[in-house]
Number of protein chains: 2
Amino acid sequence: MEPVSQRKNSGATSATTRARRAVANGAGASERRDHLVKLAAELFARKGFQATTVREIALEAGILSGSLYHHFDSKETIVDEVLRTFLDDVTARYRAVLSGDGDPRSVLSEMVRIGFGSLDAHRAAITVMQNDWSYLRSLPDDRFGYLDRAEDEVERMWVEQIQRGQAVGQFRSDVDPKLTYRMIRDTVWVTARWFRPDGHLDTGALADHFVKVVFDGLASGDETGGSR
Amino acid sequence: MEPVSQRKNSGATSATTRARRAVANGAGASERRDHLVKLAAELFARKGFQATTVREIALEAGILSGSLYHHFDSKETIVDEVLRTFLDDVTARYRAVLSGDGDPRSVLSEMVRIGFGSLDAHRAAITVMQNDWSYLRSLPDDRFGYLDRAEDEVERMWVEQIQRGQAVGQFRSDVDPKLTYRMIRDTVWVTARWFRPDGHLDTGALADHFVKVVFDGLASGDETGGSR
DNA sequence: GTCTATAACTAGATAGAC
DNA sequence: GTCTATCTAGTTATAGAC
């Protein structure tokens, strides 16, 4: 038996034309649907994809679980949309920066800023991506194979810039580009675990701090011990 | 109906005295039990705590799910033991280093090495800790409250060393100690996601690389752009 | 210490009324 | 677009035989 419905929307957007699926992106979009995806993303982020039940998602939206299936054909479809929305946005931003003519250091710095900046709009999605990646990839079909492909593409972008920076002498050459990329990537995304938009630092300050340490190092300039 | 049992251990360690519970650590220990915990940890790490069923754990051990409950009173108890074993080990190592008289830079460097080094013995536990932390903390009782307490203690250790390093001039003073700690912590632990012990780099090389970048920076020494 | 059998429950998903 | 009602399958955990 389902819990009693606590109606919030007793008739708003009642009979709007909702045949506008399959537009913009390939998946299908509507404001109602987007809202449900957002609610679900927050729950997925907080408790994990599997620990979140369709009943909880529905409850949060003020409807019953069965009604969710009018919008989505499965729970997987919801998380799919959460992740795709984020990945599409961030890869598009990366491409925009790379199409410019910045030097490696400023391009990399800009990419770091894009990463931290995406915490504002995509914090939940980033958390889900990290926590539930291995589970989603362990599913029998290849539905989430695009995760690996997106990761590969992004890795190429970063590694190329690091190598370019080494070639022109902006970055030290005794670091491994791929390892360095992973280090940066991990540090940026993992921030989603504890970052709160209403906290005392914003994503810009976070990026500034990170760029400072990674580019120039934690050691004070006037010190022994540095083996450089 | 359970799958057919594929007996692996047809009588080994058959009638060993197994009343030696509640020793060493508080939880309870036996080789058999430890082995089961290890198997479970690998599964938890691969698929997530909730996606891993007690049937799978039992299957992996060559027994049936009911038999698991001779060793553990619940699935939660198993993951509890996975996490405690790791946390006890790593905090003990931190304390050992801090009880020495090293300068901040070498202490911090040693702590980084402990972190990466723990990937060898605790890779699965570290993965579980990261992926399932928020779920375990969301459980009704406070059973996993020690996670927060351990985190707090470790944070104090790190932040103190960073501040000490700033005080003696080993570390630059224009970075936030707490933020820097989080950055380091996250980067070290998150490595568990992709690190493979049989890969082409070991945990020592990983630590070397990380220390190099974080202490001395990615920028080449002879370059403009560094605002220091 | 393991197995057999099953209880008690919860999950995702569906069909059709409104 | 939502609700009611329900199906099916899978989950943790238990009881008692061996």
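Note on B:Thr77: nothing from the nucleic acid sits closer than 4.0 angstrom, heavy atoms only.
Atom-to-atom, CG of B:Leu64 to P of C:dT6 comes out at 15 Å; the value is rounded to the nearest Å. Rounded to an integer number of Å, the gap from CD of A:Gln50 to C1' of C:dA11 is 12 Å. Straight-line distance from the CD1 atom of A:Ile57 to the P atom of C:dA13: 10 Å, rounded to whole Å. Atoms CG (B:Leu59) and P (D:dG10) sit 15 Å apart, rounded to a whole Å. Between the C1' atom of C:dG12 and the CG atom of A:Leu139 lies a distance of 14 Å, rounded to the nearest Å. Atom NE2 of B:His70 and atom P of D:dC18 are 19 Å apart (whole Å). Between the CD1 atom of B:Ile78 and the C1' atom of D:dT12 there is a distance of 11 Å, given to the nearest Å. When rounded to the nearest whole Å, the span between NZ of B:Lys47 and C1' of D:dG10 equals 12 Å.
When the nucleotides C:dC3, D:dA13, D:dT11 are ranked by their closest atom to the side chain of B:Thr53, D:dT11 comes out on top. Out of C:dT4, D:dC3, C:dA13, the shortest distance to the side chain of A:Ser74 is found at C:dA13. With D:dT2, C:dT4, C:dA13 as the candidates, the nucleotide lying closest to the side chain of A:Lys75 is C:dA13. When the nucleotides D:dC3, D:dT12, C:dT2 are ranked by their closest atom to the side chain of B:Arg32, C:dT2 comes out on top.
Between A:Ser67 and A:Glu56, it is A:Glu56 whose nearest contact on DNA chain C lies nearer the 5' terminus.
A salt bridge links A:Glu153 to A:Arg95: one of the charged nitrogens lies within less than 4.0 Å of a carboxylate oxygen.
Within a 6.0 Å radius of CZ in B:Arg93, other residues, nucleotides and ligands contribute 12 heavy atoms or fewer.
Judged by atom type and distance alone, B:Arg55 does not reach the base of D:dG10 through any side-chain donor-acceptor pair under 3.5 Å.
At the phosphate of D:dT2, OP1 or OP2 sits under 4.0 Å from a side-chain N or O atom of A:His71. A close approach under 4.0 Å does not occur between any side-chain nitrogen or oxygen of B:Tyr69 and OP1 or OP2 of D:dT14.
Partners of B:Ala124 by side chain to side chain contact (heavy atoms under 4.5 Å, CB included), not counting sequence neighbours, listed by chain and number: B:Ala41, B:Glu42, B:Ala45.
Applying the salt bridge (charged side-chain N to carboxylate O under 4.0 Å, His left out) test to every pair with at least one member in residues 68-80 of chain A, sequence neighbours left out, gives these pairs: A:Glu76-A:Arg143, A:Asp80-A:Arg84, A:Asp80-A:Arg143.
A:Trp158 CH2 to A:Glu155 CD: the interatomic distance, rounded to the nearest 0.5 Å, is 11.5 Å.
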